[in-house]
2 protein chains.
Amino acid sequence: MSAISEFGSDRGVITQLRAYLAQAELPEDGRLPPERDLSDALGVSRTELRKALGTLEAEGQIWRHVGKGTFVGSRPVDSFADIAALAKRTNPAELMRARLIIEPEIARAAALTATPMHLAEMRTCHVRAREAATWRQYESWDNRLHRTVAEAAQNTPLLGLFDTLNALRRAVTWGRLRTTPVKPSPNHHSFAEHEAIISAIENRDMSGAAAAMRTHLQSVERNLLQRQMEAAD
Amino acid sequence: MSAISEFGSDRGVITQLRAYLAQAELPEDGRLPPERDLSDALGVSRTELRKALGTLEAEGQIWRHVGKGTFVGSRPVDSFADIAALAKRTNPAELMRARLIIEPEIARAAALTATPMHLAEMRTCHVRAREAATWRQYESWDNRLHRTVAEAAQNTPLLGLFDTLNALRRAVTWGRLRTTPVKPSPNHHSFAEHEAIISAIENRDMSGAAAAMRTHLQSVERNLLQRQMEAAD
DNA sequence: GTTCAAACCAATTCAACATTGGTTGGATCT
DNA sequence: AGATCCAACCAATGTTGAATTGGTTTGAAC
């Protein structure tokens, strides 16, 4: 070996590799050939190539995964859109916090864009929820009310997020069935709060709608915690 | 044929099927045998069995899917998790509005809960984005910065929503490749805006973080619209 | 004209195998 | 000795093709 390669071999392979990356035409996904092929093509041993790839990975220029290959750029985030998988990693409290962050902003947007049709449906849901004979019916109308608010924002992605959150809620709450068979009392906290939300939206009061929704969810949260403590017997 | 089976054959198979469901030991997932086997076991033709299964499905007692099988209970929530379907119904402008509603609130939450580790990673992403040699690299670090902000909020459902939004963004933007091969200029608007976001989070300034994120996204939105108009030649 | 069996179709699953980054152990060469 | 190389192995992943399965069509039989 020459004196240069004795203490500069790694660096030499790295520069060779960089040159290759600059010159090579990579496929759409930025994947480069398998190590065995690449080492052959560059006329280097796999050991040397792997050392060079290792430093390039440490620099964040490439990322690798067993069975997949080596790719340029930074490792993609594992986007887990799977509700079931997500539900396992969370809990009601965390979910409630997420709702508290998202839904008031949805209500704010709804106050700006709600149509008379939306408002009419909100009113209907509100009335039906009051008249509900069973808790199950109440929850159904309550859900529909909240979803109408989300629809009123008239934004497809936002509605999709809301539905995702809702599905998550059902998945997390699953198994914890409501034990109280009685119907909601006429002065259940939600009724006045729903009223506040709807009228704020009617009045195009964006901040008011957001605040009313936040208040409502906070009281739902209190209720949830209380029920959890009661269930600890 | 007997007079009974003439107008009661379907109902007869249904009751037979119900009896089977009540008696049979189903596997964990509630899957029942394939139609061909089941029709054989019950001594009925597949046509008849399928009619009975059809009404049971209409009643919501079972659900079926080609290639999967027939299952008792209600069809599991696929929960809009289908990004592709959602992407078809929306457009970049609407998506941008959704981001403008959601991400500032995520930044606000992050300002409260970010750990030094998160802050360090944000700084790293910021620096790497500045140093990016290609636009592709820049976008990669930009994405990672935004996701780190979402991680800093330390809320699993919220992170899931962020990822959903991101996947949607990729799906919608797909096909519109960036044509400019030049790397981002050193005074690209994003750099100062990212700086504002990060330092607001560092200072635990919740409102500041939300405002900075909003400003940033608004300028991204302007940029997007401008690019769309340029592309109209 | 209704029913049935068989064939066909498309979505899905499943199993076997090939590929790929990561690791180890002995051979080889300074 | 010590580094390097090479071959083999390992576990995760991708790929491919056959088998399964609900849905549909066809043609004969009654």
Side-chain angles (χ1 to χ4, degrees), chain A residues 1-14 16-17 21 26-58 60-76 78 80 82, chain B residues 1-14 16-17 21 26-58 61-73 75-76 78 81-82 84-85:
Chain A
M1 278 189 177
S2 71
I4 291 181
S5 63
E6 261 183 26
F7 63 88
S9 65
D10 286 9
R11 203 170 302 169
V13 178
I14 289 185
Q16 194 178 355
L17 195 48
L21 288 179
L26 297 175
E28 171 85 14
D29 55 356
R31 175 180 182 179
L32 46 94
E35 295 180 353
R36 291 161 178 85
D37 296 4
L38 192 53
S39 68
D40 211 36
L42 298 184
V44 213
S45 75
R46 191 151 94 103
T47 317
E48 262 184 314
L49 174 64
R50 279 185 55 74
K51 270 199 287 187
L53 287 174
T55 63
L56 246 61
E57 183 179 33
Q61 308 228 359
I62 63 172
W63 64 275
R64 311 184 266 184
H65 196 302
V66 199
K68 288 176 117 128
T70 308
F71 303 81
V72 299
S74 58
R75 170 175 278 105
D78 53 340
F80 47 94
D82 185 11
Chain B
M1 280 187 177
S2 71
I4 292 181
S5 63
E6 261 184 24
F7 63 89
S9 66
D10 287 9
R11 204 170 300 168
V13 178
I14 289 185
Q16 195 177 353
L17 195 48
L21 289 180
L26 297 175
E28 171 85 13
D29 55 356
R31 174 181 183 177
L32 46 95
E35 294 180 354
R36 291 161 177 86
D37 296 3
L38 192 53
S39 68
D40 212 36
L42 298 184
V44 212
S45 75
R46 190 151 95 104
T47 318
E48 261 184 315
L49 174 63
R50 279 185 56 72
K51 270 198 286 186
L53 287 175
T55 62
L56 246 61
E57 183 177 32
Q61 309 227 2
I62 62 173
W63 65 275
R64 311 184 268 184
H65 196 304
V66 199
K68 289 176 113 110
T70 307
F71 303 82
V72 300
R75 169 175 276 106
D78 51 341
D82 188 8

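Just so you know, these numbers use all the heavy atoms, side chains as well, and skip hydrogens, waters and symmetry mates. A note on names: the letters A, B, ... follow the listed sequences, proteins ahead of strands, and every chain is numbered from 1.
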Q) dT20(C) base to R31(A) side chain: any donor-acceptor pair below 3.5 Å? A) no
Whole angstrom is fine here: how far is it from [atom1] in [X] over to [atom2] in [N]?
{"X": "L42(A)", "N": "dC5(D)", "atom1": "CG", "atom2": "P", "value": "13 Å"}
{"X": "I62(A)", "N": "dG21(C)", "atom1": "CD1", "atom2": "P", "value": "10 Å"}
{"X": "D40(B)", "N": "dA5(C)", "atom1": "CG", "atom2": "P", "value": "10 Å"}
{"X": "W63(B)", "N": "dG23(D)", "atom1": "CH2", "atom2": "P", "value": "11 Å"}
{"X": "R46(A)", "N": "dT19(C)", "atom1": "CZ", "atom2": "C1'", "value": "12 Å"}
{"X": "K68(A)", "N": "dT19(C)", "atom1": "NZ", "atom2": "C1'", "value": "14 Å"}
{"X": "K51(B)", "N": "dA5(C)", "atom1": "NZ", "atom2": "C1'", "value": "15 Å"}
{"X": "E35(A)", "N": "dC10(D)", "atom1": "CD", "atom2": "P", "value": "18 Å"}

Q) Out of dT20(C), dA5(C), dT23(C), which nucleotide sits closest to the side chain of S45(B)? A) dA5(C)
Q) Between dC5(D), dA11(C), dC4(C), which nucleotide gets closest to the side-chain atoms of E48(B)? A) dC4(C)
Compare every heavy atom of [Y] with every heavy atom of [X], then report the nearest pair and how far apart it is.
{"X": "Q16(A)", "Y": "V44(A)", "answer": "OE1-CG2, 4.2 Å"}
{"X": "F71(B)", "Y": "R31(B)", "answer": "CE2-CB, 3.4 Å"}
{"X": "S39(A)", "Y": "L49(A)", "answer": "N-CD2, 3.5 Å"}

Between [X] and [N], is there a contact of a side-chain N or O with OP1 or OP2 at under 4.0 Å?
{"X": "H65(A)", "N": "dT13(D)", "value": "yes"}
{"X": "R50(A)", "N": "dG21(C)", "value": "no"}
{"X": "T70(A)", "N": "dG21(C)", "value": "yes"}

(Q) Under the criterion side chain to side chain contact (heavy atoms under 4.5 Å, CB included), I'd like the reasoning laid out for L38(A) against T70(A): C-alpha separation, chi angles, the key distance, then a yes or no. (A) CA-CA 11 Å; L38(A) 192 53; T70(A) 308; over 6 Å; no
Q. Distance-only, no hydrogens or angles: does the E48(B) side chain make a donor-acceptor pair with backbone N or O of V13(B) under 3.5 Å?
A. no
Q: For V44(A) and for R36(A), find the nucleotide of DNA chain D with the closest heavy atom, then tell me which residue's nucleotide is more 5'.
A: V44(A)
